[in-house]
Amino acid sequence: MSLRLTTWNINSVRLRLPLLLRLMREVKPDVICLQEIKVEDASFPAEPIAAAGYPHQVVRGMKGYNGVAILSRVVLERGEDRGWCGRDDSRHAIAHLPGKIELHNFYVPAGGDVPDPAQNEKFAHKLNFIDEVTLWLADARIRSKRMILAGDLNIAPLECDVWSHTQLLDVVSHTPIEVEKLGRMQDTLGWVDAVRHFVAPPEKLYTWWSYRARDWAASDRGRRLDHIWVTPPLKKMLKRAHVLRDARNWEQPSDHVPVTVELDP
DNA sequence: ATGGTGGATGCTCCA
């Protein structure tokens, strides 16, 4: 059984439905994890997505903000929904895939601008979110489980995951406290960073470029915020990873680009 | 040092 999985913060699934269909045609993933779909479940464009070959869908949306979805060519079973930090703000979806693989799709809070949890409630929420997920993963610790964790984690952990390590040390997404907490989360189950498995440091690699740059490609001030991790039993199955940088140049693009990993038995 | 853009929403929030 071969599996090609893509994660993409699409920043409005309704506005960018044509781009999603293009991704399906050009990359042909078996499974797609979307974040920031920004739509209620009832208004999710389920039919055109099914018609494009992805009839199996787990949608966890809300009005206006956040929202995640898992789209699949292959049959999947929805996992049990759960909230984090006492909220139900549509930041996590679970699906059970063929081959006894448990898939988690996360949209971690961005965390606002001020990197101090005492001054900035959004940053506190982000740190608490990571802590809660970490505790939960550690509690459910079964190292032999075949699991994939994908999504917009809103943290660029490595120096080569940002355009300037020193200039971003106090910028939310690359602060030492976030990087440390993400590292702890990764340690819970010995998660393997499936993309850095193929694009080893110190090679620079980004998945997000701000809308605010005059020329995003020329300045290339990117960050790697979108991730795909696998548990150790899947490590030997990793075949390929790809960041679709071209998608940042598509018409009316998301500020994030799709990240894809292929696994083979 | 600052402000820059984009999406959903509805006289503003979030990224």
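Here is how names work: the chains are called A, B, and so on, in the same order as the sequence lines, proteins then strands, and each is numbered from 1. A quick note: this is a predicted structure, and the numbers were derived from the prediction, not measured.
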Problem - Option from A/Thr7, A/Asn154, A/Asn9, A/Asp152 for which side chain to side chain donor-acceptor pair (under 3.5 Å) with A/Gln35 holds - result: A/Thr7

Practice task
Give a yes/no on whether any side-chain N or O of A/Lys63 is located under 4.0 angstrom from OP1 or OP2 of B/dT9.
Solution key: no

Problem - Rounded distance in Å - CH2 (A/Trp216) to C1' (B/dA15) - result: 19 Å

Problem - Nucleotide B/dT5, atom P - distance to CG of A/Asn11 in whole Å - result: 16 Å

Fill in the blank from the handout: From CE of A/Met62 across to P of B/dA8 the rounded distance in Å is 14 Å

Practice task
State whether A/Arg14 places a side-chain N or O below 4.0 Å from either non-bridging phosphate oxygen (OP1 or OP2) of B/dT9.
Solution key: yes

Problem - Between B/dG10 and B/dC14 - P atom distance, rounded Å - result: 14 Å

Problem - Whole angstrom value for the distance that separates C1' of B/dA15 from OH of A/Tyr65 - result: 10 Å

Problem - Joint cluster assignment, A/Phe106 & A/Trp229, ILVMFWY side-chain distance < 4.5 Å - result: yes

Practice task
Answer with yes or no after comparing the ring centroid distance for A/His104 and A/Trp136 against a 6.0 Å cut-off, counting only values under it.
Solution key: yes

Exercise for the section: Select from A/Ala213 and A/Asn154 the residue whose nearest nucleotide in DNA chain B is closer to the 5' end of that strand. Expected result: A/Ala213

Exercise for the section: Would you kindly compare A/Ser210 and A/Tyr107 by the position of their nearest DNA chain B nucleotide and give the one closer to the 5′ end? Expected result: A/Ser210

Completion exercise
Taken to the nearest whole Å, NZ/A/Lys122 to P/B/dT12 is 15 Å

Problem - Phosphate contact (B/dG7 OP1 or OP2) by A/Arg16 side-chain N/O below 4.0 Å - result: yes

Handout entry: Selection from B/dA15, B/dA8, B/dT5 that lies nearest to any side-chain heavy atom of A/Arg91
Key = B/dA15

Problem - A/Glu262 CD to A/Thr6 OG1 distance, which is reported to the nearest 0.5 Å - result: 9.0 Å

Problem - Atom P, compared across B/dA15 and B/dT9: separation rounded to whole Å - result: 15 Å

Handout entry: Value in whole Å for how far the P atom of B/dA15 lies from CG of A/Asp226
Key = 15 Å

Completion exercise
Between NZ of A/Lys38 and P of B/dG7 the distance, given in whole Å, is 8 Å

